[in-house]
Amino acid sequence: MSSENERPEQGPTGGAGEQLALIRETVRKAEEPRAKPRSWRAAKLASGLPVARVLVDKGLIHLDQFFDYSVPEPMDEQAQPGVRVRVRFGARVVRGRREGGELHDGFVVARLPESDYRGPLAPLAQVLSPEPVLGPELLRLCRAVADRYAGALADVVQLAVPPRHARAESRAVPQAPAPPAKPDPGSWARYATGPGFLDALATGANPRAVWTALPGPHWPDELARALAATLASGRGALAVLPDGRAVARVDAALTALLGEGHHVVLTADSGPEERYRRWLAVNRGAVRGVIGTRAAMFAPVADLGLVALWDDGDSSHAEPHAPQPHARDVLLLRATDEQAAFLLGGLSVTAEGAQLVDSRWALPLTAPREQVRAAAPLVRTVGDGDQARDAAARAARLPSLAWQVTRDALLRGPVLVQVPRRGYVPRLACERCREPARCARCAGPLELAESGALHCAWCGRPEAAWHCRECAGTRLRAQVVGARRTADELGRAFPKVPVRTSGRDAVLARVPDQPALVICTPGAEPVADGGYAAALLLDGWALLNRPDLRAGEEALRRWLTAAALVRPAAEGGTVVVLAEPGLRPVQALVRWDPAGYAVRELAERAELGFPPVSRMASVTGTAAAVSDLLENAQLPDDTDRLGPVPVPVAPPGRPRRMADPPPGERWERMLLRVPPGSGGSLATALKTAQVARMARKHFEPVRVRMDPPDIG
DNA sequence: AGCACGCCGACT
DNA sequence: GTCGGCGTGCTC
């Protein structure tokens with residue numbers, strides 16, 4: 001959209017002099033040193049479509065407007081829709097004399113015969129490159145994502161189009177290979193509708209499925225076969241995975257299936273030039289298969305036939321940059337808009353996945369029960385009350401069952417031990433009565449430092465002599481212990497067994513098929529060649545006690561991820577989870593029924609009016625700013641307003657984040673909730689009100705966020 | 001956002 | 001007279 005200013009047309013005030021400065025640069029660049037036009041319009045312009053509509057990268061992006069520029073004749077051919085350009089922006093009249101503004105980067109979004117802007121158009125300053133990097137299809141996707149998230153188009157474009165690298169552009173890309181042959185179903189045969197799904201992809205149809213993958217090592221190959229089947233139809237295929245290790249596994253599987261040349265990998269760790277080179281190969285249509293991490297969700301695959309997303313519950317699928325689009329939503333938009341097949345796969349199922357099935361938008365792609373039984377390990381639970389009788393088990397802080405399983409399994413292969421990540425360590429509590437340990441001064445939660453010293457997590461005050469307020473007990477209970485301590489203690493308990501760790505800063509991809517204790521935090525589990533003999537899931541208490549809507553779903557997801565690396569029960573594979581057996585996520589793990597869990601989770605959320613059945617938005621800022629925005633927003637009639645609640649300030653020690661109020665300011669947050677189907681109008685209303693606020697120059701900031709992730 | 005305009009009161 | 005507060009409008 002261009003602005004619709006109805007200002008009276010500016011007359012030819014001031015004559016040639018005032019425009020001269022403005023056109024000088026363009027004229028020089030266009031190598032027309034003699035041109036002396038009396039106005040911008042009079043410059044030698046492209047004859048057919050002399051106007052370029054431009055998305056200007058910086059400045060005013062909140063207003064989400066395009067700006068029209070004239071196209072100097074020498075740029076006519078190159079200034080096609082999608083190319084990067086430089087324009088002068090912010091020009092103004094200073095004492096009756098126009099001064100050219102700053103140079104900004106932008107993208108041509110359209111060429112037009114004329115502009116609806118009633119004023120003189122400035123010329124494009126430069127075509128940076130003739131490469132059409134923001135083609136009509138990608139632009140439409142960015143627009144749809146911006147609308148869905150009440151965000152600005154330019155913000156989304158910045159996520160979708162990688163930074164330019166001139167050297168990569170100058171290199172030719174190889175010719176696109178002929179479509180490969182249709183792959184065999186392989187282990188898809190284990191799923192009732194698996195081979196049929198591949199057939200549909202290969203014949204050019206657009207099936208949509210929510211796939212509950214069987215545990216074990218086969219899912220990367222199965223995902224690769226779905227991509228290959230789509231490529232066999234002559235169409236493009238895109239798969240988004242949560243991290244580089246998962247990408248590497250699918251890449252290896254697809255390369256084994258098709259060889260080189262049919263696909264590229266788009267991840268951050270290939271470096272900016274190489275990544276841009278691959279992205280260009282996709283954009284130019286030379287490669288039709290893409291496997292990548294989050295940013296690849298925007299990959300401009302030509303003639304897209306399939307979008308696939310693996311493990312949509314993983315938090316890395318949520319883009320951290322504004323407007324924080326989620327890969328699942330972006331791919332859903334693409335499947336609908338670009339009429340592609342859709343495959344949402346994972347070892348677990350999110351409530352969102354269950355909703356796609358519930359609404360009949362997608363079909364479930366699951367294996368029959370006997371296949372699940374054949375592939376899954378035996379899962380045993382250990383409740384909180386079980387005490388270790390064995391002295392060695394006590395020393396390792398393990399219940400006897402966990403101890404026995406570990407000892408037996410270590411004779412047959414590696415044992416995976418999943419421990420909570422730092423930061424997930426729950427609060428300390430009184431050993432006797434379980435009352436949470438609180439700071440005597442500010443009632444903040446107490447924390448145990450690595451040194452063993454006790455201090456308050458809010459005010460930082462060291463606590464030298466804690467005693468329980470309820471029962472006057474003096475002993476604390478650390479419900480879970482950190483990775484390092486667990487590693488130390490297990491190592492001492494099994495002195496002949498090597499201990500390996502895999503965590504945030506040093507993630508192991510694989511471990512060999514030999515007895516070893518493999519200690520890891522959730523998400524960093526190495527794959528064991530031949531499968532683990534057993535797994536201990538020690539973080540149940542920590543995962544399930546978080547005050548989060550998704551705590552149960554997330555706990556189950558992490559357990560399934562670890563447990564799926566264990567050998568099937570028939571081969572002795574055993575999983576021990578330390579959590580109360582009566583809890584729903586624990587039962588779902590024991591029965592290995594992630595889809596059933598998700599269905600119940602969805603039903604419960606529907607009943608409580610929670611997302612994803614209802615849609616929500618959060619509005620954060622000072623009380624005055626929040627109420628101003630909401631008063632002026634045309635919210636849907638059935639909007640439910642929850643709050644406001646005060647936004648907590650950043651605790652001392654933690655660096656201030658964007659979502660934290662600035663020091664000394666008090667922010668509050670309103671939650672808005674709408675019934676199913678009204679999410680779009682809620683986003684539109686908030687966006688419109690936000691734009692109006694900006695234009696009115698009320699610039700006390702208000703943060704608008706669709707689908708906020710952290711609702712309690 | 002960022003910057004120049006203009007309309008007000010207080011000053012050399 | 002003239003300097004400078006900040007409220008307002010504009011950017012193709």
Side-chain angles (χ1 to χ4, degrees), chain A residues 1-14 18-27 29-30 37 39-43 45-46 49-72 75-76 79 81 83-128 134 151-155 157-158 322-323 621 624-625 628 658 662 687 690-704:
Chain A
M1 287 141 279
S2 172
S3 66
E4 304 260 351
N5 283 351
E6 288 307 317
R7 286 191 287 112
E9 188 151 4
Q10 285 179 9
T13 52
E18 71 189 57
Q19 278 92 13
L20 202 57
L22 265 144
I23 58 165
R24 197 174 288 139
E25 166 109 8
T26 314
V27 166
K29 289 234 160 68
S39 77
W40 287 336
R41 282 186 186 284
L45 297 177
L49 297 169
V51 175
R53 188 152 286 176
V54 174
L55 172 69
V56 182
D57 216 17
K58 294 262 160 52
L60 289 179
I61 61 164
H62 300 290
L63 298 188
D64 232 1
Q65 282 186 160
F66 295 134
F67 292 89
D68 290 347
Y69 286 80
S70 61
V71 181
M75 299 184 197
D76 182 27
V83 306
R84 293 181 217 257
V85 289
R86 305 250 268 170
V87 293
R88 295 219 167 261
F89 185 77
R92 56 192 52 266
V93 180
V94 182
R95 284 189 302 279
R97 171 175 253 274
R98 280 196 84 108
E99 289 182 3
E102 301 282 297
L103 276 176
H104 284 271
D105 287 357
F107 299 89
V108 175
V109 296
R111 287 288 297 270
L112 305 165
E114 58 186 329
S115 172
D116 53 9
Y117 178 64
R118 304 288 83 190
L121 298 185
L124 295 176
Q126 190 188 350
V127 175
L128 276 172
L134 182 62
L153 176 65
D155 282 337
V157 167
Q158 196 162 17
D628 174 69
M658 279 287 278
K687 172 74 181 296
Q690 182 81 307
V691 167
R693 250 182 86 75
M694 300 282 186
R696 268 190 293 135
K697 178 110 188 172
H698 271 264
F699 74 92
E700 231 183 1
V702 178
R703 225 177 287 286
V704 171

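Proteins get letters first, then strands, A, B, ... in listed order; numbering begins at 1 in each.
Across the protein-nucleic acid pair, A:Asp116 atom CG and C:dC12 atom C1' stand 10 Å apart, rounded to whole Å. We find that NE2 of A:His104 is positioned 9 Å from C1' of B:dA1, with the value rounded to whole Å. Summarising the geometry, the separation between CG on A:Leu55 and P on C:dT11 is reported as 18 Å, rounded to the nearest angstrom. The interatomic distance linking A:Glu102 (CD) with C:dC12 (P) rounds to 12 Å, in whole Å. Atom CG in A:Asp64 sits roughly 18 Å away from atom P in C:dT11 (whole-Å rounding). The distance from atom CG of A:Asp68 to atom P of C:dC12 is 11 Å, rounded to the nearest whole Å. Atom CG of A:Leu121 is separated from atom P of C:dT11 by 12 Å (rounded to the nearest Å). When rounded to the nearest whole Å, the span between CG of A:Leu45 and C1' of C:dC12 equals 14 Å.
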Evaluate the side chain to side chain contact (heavy atoms under 4.5 Å, CB included) criterion for residues A:Phe66 and A:Tyr117: first the C-alpha distance (whole Å), next the side-chain angles of each, then the deciding distance (0.1 Å), finally the verdict. CA-CA 11 Å; A:Phe66 295 134; A:Tyr117 178 64; over 6 Å; no
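A donor-acceptor contact shorter than 3.5 Å links the side chain of A:Lys687 to the backbone of A:Gly151.
With salt bridges taken as basic N to acidic carboxylate O contacts below 4.0 Å, one links A:Asp628 and A:Arg693.
Taking 4.5 Å as the limit, every side-chain heavy atom of A:Gln690 sits out of range of all side-chain heavy atoms of A:Asp64.
Judged by centroid separation below 5.5 Å and plane tilt below 30°, A:Tyr117 stacks onto the base of C:dC12.
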